[in-house]
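For clarity, every value in this text was computed on a predicted model and none was experimentally measured. All residue numbers in this chain count up from 1 along the given sequence.
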Amino acid sequence: MKLDAQNGALLANLQATLAGLDRTQTPGVWLDELIGRGLDGLPMPGRGATLQRWQALGLVAGHDLSLAKLYEGHTDALAVMAEVAPSAPPAKGATWGMWAAEAAHGRALVDTSEAGGVRLNGAKRWCSGAGQVSHGLLTAWWPDGRGPQLVRVAMDQPGVSVCAAGWHAVGMAASASVDVAFRDARVELVGAEGAYLNRPGFWQGGAGIAACWHGGAQALAAALHRTLVQVPPGHRNAFRLAALGKVDVALQATAALLREAARWIDEHPTEDASAAGLRVRLAVEICAKQVLDEVGQALGAAPFCRDAPFAQMAADLPVYLRQSHGERDFAALGERLMSPGEASWEL
Ligand SMILES: Cc1cc2nc3c(=O)[nH]c(=O)nc-3n(C[C@H](O)[C@H](O)[C@H](O)COP(=O)(O)OP(=O)(O)OC[C@H]3O[C@@H](n4cnc5c(N)ncnc54)[C@H](O)[C@@H]3O)c2cc1C
């Protein structure tokens with residue numbers, strides 16, 4: 001009961017703070033404000049309040065997806081560090097990026113050969129918010145090929161170069177998922193080699209991204225709903241009402257799946273959550289694409305051109321959805337269903 005009240009207060013506080021954010025500022029500034037107010041202290045996944053964690057991510061996403069990208073990365077990094085290295089908590093006040101994507105060529109390599117601590121060399125791609133956060137938590141590799149090894153790095157040092165040159169995104173522009181180069185950068189090892197992947201939180205955290213996509217889709221659906229309720233009953237366009245019905249069915253179904261996945265994770269905190277995680281990510285991806293399509297078709301050009309928050313959301317969501325691994329994840333889910341008892345669709 002106490003946990004519920006605490007989480008309820010956090011969500012209410014988050015909602016009020018989001019509503020009061022200065023719209024002329026950037027998502028990086030907004031992230032600092034949320035952290036400064038302690039609104040990054042989300043319940044850890046798998047500890048009884050996974051749904052509230054996802055509700056917080058969805059709320060932030062409904063406000064702005066670039067902010068959600070930064071906030072999700074920051075809160076995921078905090079959860080990862082608490083899980084794999086609980087005895088070495090991060091410095092207070094730091095802002096975190098969580099960078100685990102592996103490029104086909106070029107890795108970040110750990111070097112312990114010199115006296116004076118651990119060094120990092122190489123490059124990392126897809127580092128969201130690298131130009132805005134104070135620290136990064138990232139996957140690196142040992143020179144003999146062992147890994148991934150989590151390391152944390154302070155961005156403000158000569159051995160770290162953020163390269164924004166290749167970033168041409170229009171949607172999600174403000175989250176700048178850029179390349180970072182490391183040259184003898186000082187880093188700290190976080191947890192044991194392989195700990196990043198071999199932990200229950202890996203899929204529990206991965207599912208949190210679906211909550212962000214859901215929040216973005218919900219915001220677009222809300223724009224259609226707002227438009228329709230302003231019209232007196234009997235005068236509402238039947239095609240728009242049908243579109244609202246379709247997005248309601250899609251969003252209700254994915255919301256139910258997210259709630260069920262959160263409950264499953266809380267009831268099985270140490271079990272492999274990959275099937276649940278893949279399922280919610282893929283379901284929300286399909287739902288979000290449908291919502292984009294239905295709402296866009298129902299409302300026409302006007303909100304894309306004249307409603308700034310809508311235009312931003314509609315530009316950001318398709319780019320953010322590309323963080324999905326698409327067909328690769330569908331195949332991975334299919335593979336999970338080969339295990340006895342997994343392919344069960346009964347009510
Ligand atoms: C806006 C944005 C922000 C991001 N921020 C971060 C971040 O902060 N941290 C981070 O670690 N990463 C981040 N990423 C990177 C993300 O995690 C992915 O690594 C990246 O999007 C590339 O995905 P991919 O590897 O599936 O793409 P690719 O390997 O380029 O694949 C493209 C598509 O090909 C198909 N495909 C590929 N291989 C297979 C296969 N074997 N079987 C079936 N189909 C296949 C899939 O449909 C897949 O979607 C971000 C990405 C985006 C778009």
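For Trp167 (side chain) and Ala173 (main-chain N/O), a donor-acceptor pair under 3.5 Å exists by modelled atom type. In this structure, the side chain of Lys124 engages the main chain of Thr139 through a donor-acceptor pair within 3.5 Å. In this structure, Gln132 contributes its side chain and Gly28 its backbone to a donor-acceptor pair below 3.5 Å. Judged purely by atom type and a 3.5 angstrom limit, Gln157 uses its side chain to pair as donor or acceptor with the backbone of Ala154. Using modelled atom types, one side-chain atom of Arg53 and one backbone atom of Pro43 make a donor-acceptor pair closer than 3.5 Å. Side chain of Asp316 to backbone of Met172: a donor-acceptor contact under 3.5 angstrom is found. Listed for the Gln149 side chain is a donor-acceptor partner under 3.5 Å among the backbone atoms of Gly191. Without hydrogens or angle criteria, Gln52 side chain to Asn7 main chain gives no donor-acceptor distance under 3.5 Å. Distance alone, capped at 3.5 Å, places no donor-acceptor pair between the Asp179 side chain and the Cys163 backbone. No side-chain donor-acceptor contact under 3.5 Å links Trp30 to the backbone of Arg23.
Rounded to the nearest 0.5 Å, atoms SG (Cys212) and CG (Leu57) are 4.5 Å apart. Of the inter-residue distances, the one linking Asp64 atom CG with Leu18 atom CG reads 9.5 Å to the nearest 0.5 angstrom. Taking CG of Leu224 as the reference point, atom CG of Leu244 lies at 5.0 Å (rounded to 0.5 Å). The CD atom of Gln323 sits 7.0 Å away from atom CD of Glu72, with the distance rounded to the nearest 0.5 Å. Rounding to the nearest 0.5 angstrom, the gap separating the OG1 atom in Thr254 from the CD1 atom in Ile286 is 10.0 Å. Gln290 contributes atom CD, which lies 8.5 Å from atom CG of Leu251 (distance to the nearest 0.5 angstrom).
Here the two rings, on Trp54 and His214, have centers that are 6.0 Å apart or farther.
For the pair Arg199 and Tyr196, the cation-pi test (distance below 6.0 Å, angle within 45°) is passed.
Partners of Phe330 according to the ring pair (Phe, Tyr, Trp, His ring centres under 6.0 Å) rule, which considers only residues two or more places apart in sequence or in another chain, do not exist here.
By the criterion of side-chain heavy atoms lying less than 4.5 angstrom apart, applied directly or through intervening Ile, Leu, Val, Met, Phe, Trp or Tyr residues, Ile265 is grouped together with Trp213 in one hydrophobic cluster. Two different hydrophobic clusters hold Leu78 and Leu34 under the rule that ILVMFWY side chains link at heavy-atom gaps under 4.5 Å. In the hydrophobic cluster analysis, where Ile, Leu, Val, Met, Phe, Trp and Tyr join through side-chain heavy atoms closer than 4.5 angstrom, Leu51 is grouped apart from Leu39. Leu189 and Leu138 fall within a single hydrophobic cluster, where Ile, Leu, Val, Met, Phe, Trp and Tyr are joined by side-chain heavy atoms under 4.5 Å apart, directly or via other members. Clustering ILVMFWY residues whenever any of their side-chain heavy atoms sit less than 4.5 angstrom apart, transitively, puts Phe304 in the very cluster that holds Val247.
Between the side chains of Glu271 and Trp264, no donor-acceptor pair of N or O atoms lies under 3.5 Å. Between the side chains of Asp293 and Gln297, no donor-acceptor pair of N or O atoms lies under 3.5 Å. No side-chain donor from either of Thr50 and Gln204 sits under 3.5 Å from a side-chain acceptor of the other. Side-chain polar atoms of Thr95 and His74 form no donor-acceptor pair below 3.5 angstrom. No side-chain donor from either of Lys69 and Ser177 sits under 3.5 Å from a side-chain acceptor of the other.
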Under 3.5 Å donor-acceptor pairs involving side-chain atoms of residues 337-347, not counting sequence neighbours:
unit_1	atom_1	unit_2	atom_2	d
Ser339	OG	Arg336	O	3.4
Ser344	OG	Glu346	OE1	2.9

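Of all heavy-atom pairs between Leu292 and Pro318, the closest is CD1-CG, 3.9 Å. Of all heavy-atom pairs spanning Val190 and Arg152, the tightest one is CG2-CG, 3.6 Å. Summarising the geometry of Pro90 relative to Trp96, their closest heavy-atom pair is CB-CZ2, 3.5 Å, with the distance given to 0.1 Å. Between Ala243 and Ala298, the shortest heavy-atom contact is CB-CB, 3.6 Å. In this structure, Ala276 and Ala261 approach most closely via the heavy-atom pair CB-CB, 4.4 Å. Between Leu10 and Gly38, the closest heavy-atom pair is CD1-O, 4.2 Å.
Environment of CG in Asp22: crowded, with over 12 heavy atoms of neighbouring residues, nucleotides or ligands closer than 6.0 Å.
Within the 4.5 Å cutoff, side-chain heavy atoms of Arg322 are placed close to those of Ser324. The closest side-chain heavy-atom distance from Leu21 to Leu67 is below 4.5 Å. Residues Val284 and Leu258 are in side-chain contact: their nearest non-hydrogen atoms beyond the backbone lie under 4.5 Å apart. Residues Asp272 and Trp203 meet the side-chain proximity criterion, which asks for heavy atoms closer than 4.5 Å. Looking only at side-chain heavy atoms (C-beta outward), Pro143 and Asp111 stay at 4.5 Å or farther from each other. Inter-residue side-chain proximity for Val187 and Val110 is flagged as unmet; no heavy-atom pair is nearer than 4.5 Å. Residues His135 and Val153 have side chains not in contact (no heavy-atom distance under 4.5 Å, counting atoms from C-beta outward). Taking 4.5 Å as the limit, every side-chain heavy atom of Tyr71 sits out of range of all side-chain heavy atoms of Ile35.
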Please assess Arg47 against Asp266 for the test side-chain contact (heavy atoms from CB on, under 4.5 Å), listing each intermediate value before the final yes or no.
-> CA-CA 6 Å; Arg47 305 254 183 100; Asp266 285 337; 5.6 Å; no
Going through the checks in order, is the side-chain contact (heavy atoms from CB on, under 4.5 Å) test met by Val80 and Leu150?
-> CA-CA 10 Å; Val80 173; Leu150 275 175; 3.5 Å; yes
After noting the C-alpha distance and the side-chain angles of Leu241 and Asn237, does the key distance pass the side-chain contact (heavy atoms from CB on, under 4.5 Å) rule?
-> CA-CA 6 Å; Leu241 286 171; Asn237 178 302; over 6 Å; no
Arg281 vs Glu285, salt bridge (Lys or Arg N to Asp or Glu O under 4.0 Å): CA-CA, chis, key distance, verdict = CA-CA 6 Å; Arg281 285 173 64 115; Glu285 182 187 353; over 6 Å; no
Please test Trp142 against Glu193 for side-chain contact (heavy atoms from CB on, under 4.5 Å), starting from the C-alpha separation and ending with a verdict.
-> CA-CA 9 Å; Trp142 291 93; Glu193 170 216 325; 4.2 Å; yes
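In this structure, Arg37 pairs ionically with Glu33, as a charged nitrogen and a carboxylate oxygen lie closer than 4.0 Å. The pair Arg125-Glu102 does not count as a salt bridge, with every side-chain nitrogen at least 4.0 angstrom from each carboxylate oxygen.
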